[in-house]
Colleague: 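Structure below; questions to follow.
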Amino acid sequence: MAKLIDGKAIREFNLDKIASEVAQLKEKGVEPALAVIIVGSDPASRVYVNNKKTACERVGMRSLEFAMPEETTTEELLALIDKLNADASVSGILCQLPVPKHIDKNAVLRRIRPEKDVDCFHPENVGLLSTGMGKLMPCTPMGMMKMLEYEGIDPAGKHCVIIGRSDIVGKPMAMLMLSKSATVTICHSKTADLPSITRQADILVAAVGIPNFVTEDMVGEGAIVLDVGINRLESGKLCGDVDFEAVKEKASMITPVPGGVGPMTIAMLMQNTLTACKEQNNILM
Ligand code: GUN
């Protein structure tokens, strides 16, 4: 049976380190601050934004929330971003996704100054990530790298197979894995004979958004399985992209859902806000 990778414990470990750095910054008179914008009233987004606020309190950062009505225009949203970009007391800016359909999402993501782009969604930051020159890191993929580091797993020379090619998880995860000298394969909905590829993985990352998509026959003996999925079943229960009960018998390590990759995302958002603040104030610690 696989060892469980405990996302909550690793989150706490990382948040403790971040909190102590925030305290040191405050002694120097510098206070990191995260501005979170939420447009409309999507209930899941509301939960995520509340969790981000709680995480800011946990590490001693200032948080600012801008809740805008559903009918907000792209121009109004861009004007708010311009104001926050120009505000030196704001270290990081995040616009919670999804935004309502009438809003030009790409224009919004491009408008956040790259130095304050704590989601690492701006094309400039995506480019910096791929060249290894980035300071801000994509939160969910970075969270998974931190989990592996905590468990003492070095990706160098390992075959990492990623199922899912999203801009938020699959693609940036491939870049982070490459930067650690893993051999990387990205699979997606058009991949032929997916199980024959996923079975070769030393590290298997499931980021497809389909409950129980990864079945036991798709996993090689002893693989490390990281499950990014957060799917809500009709029963209201949360479930990942991996058939956890069956796969845990075959894997050597596995992340549960809930309590696995999810908790790490917010910890990395705090890390990025701290990094952004230090960069903006030319502070080396
Ligand atoms: N919605 C779901 N996940 C995310 C995320 O990581 N960042 C933002 N901005 N919105 C999200």
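Counting begins at 1 with the first residue of the sequence. Both counts, for ligands and for their atoms, begin at 1 and track the order of listing.
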Colleague: Are I163 and L194 close enough that some pair of their side-chain heavy atoms sits under 4.5 Å apart?
Modeller: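 The answer is yes; the side chains approach within 4.5 Å.
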Colleague: What are the two closest heavy atoms between E70 and S41, and how far apart are they?
Modeller: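 Shortest heavy-atom separation between E70 and S41 comes out as OE1-N, 3.8 Å.
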Colleague: Could you give the side-chain donor-acceptor pairs of residues 250-267 under 3.5 Å, partners two or more places apart or in another chain?
Modeller:
from, atom 1, to, atom 2, distance (Å)
K250, NZ, E216, O, 3.3
K250, NZ, E216, OE2, 3.4
K250, NZ, V219, O, 3.1
S252, OG, G222, O, 2.8
S252, OG, A223, O, 3.4
T255, OG1, D227, N, 2.8
T265, OG1, T140, OG1, 2.9

Colleague: In the structure I gave you, are the side-chain heavy atoms of L78 and E75 within less than 4.5 Å of one another anywhere?
Modeller: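 Heavy-atom side-chain distance check fails, nothing below 4.5 Å.
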Colleague: Under a 4.0 Å threshold between the charged nitrogen and the carboxylate oxygen, would R58 count as salt-bridged to E12?
Modeller: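 Yes, this pair counts.
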Colleague: Are side-chain N/O atoms of D241 and N231 paired as donor and acceptor at under 3.5 Å?
Modeller: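 Yes.
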Colleague: Mind listing the N or O contacts between ligand 1 and protein, cut-off under 3.5 Å?
Modeller:
from, atom 1, to, atom 2, distance (Å)
ligand 1, 1 (N), Q96, NE2, 3.2
ligand 1, 1 (N), L97, O, 2.9
ligand 1, 7 (N), D119, OD1, 3.0
ligand 1, 7 (N), D119, OD2, 3.4
ligand 1, 9 (N), C95, O, 2.9
ligand 1, 9 (N), D119, OD2, 2.6
ligand 1, 10 (N), L97, N, 3.0

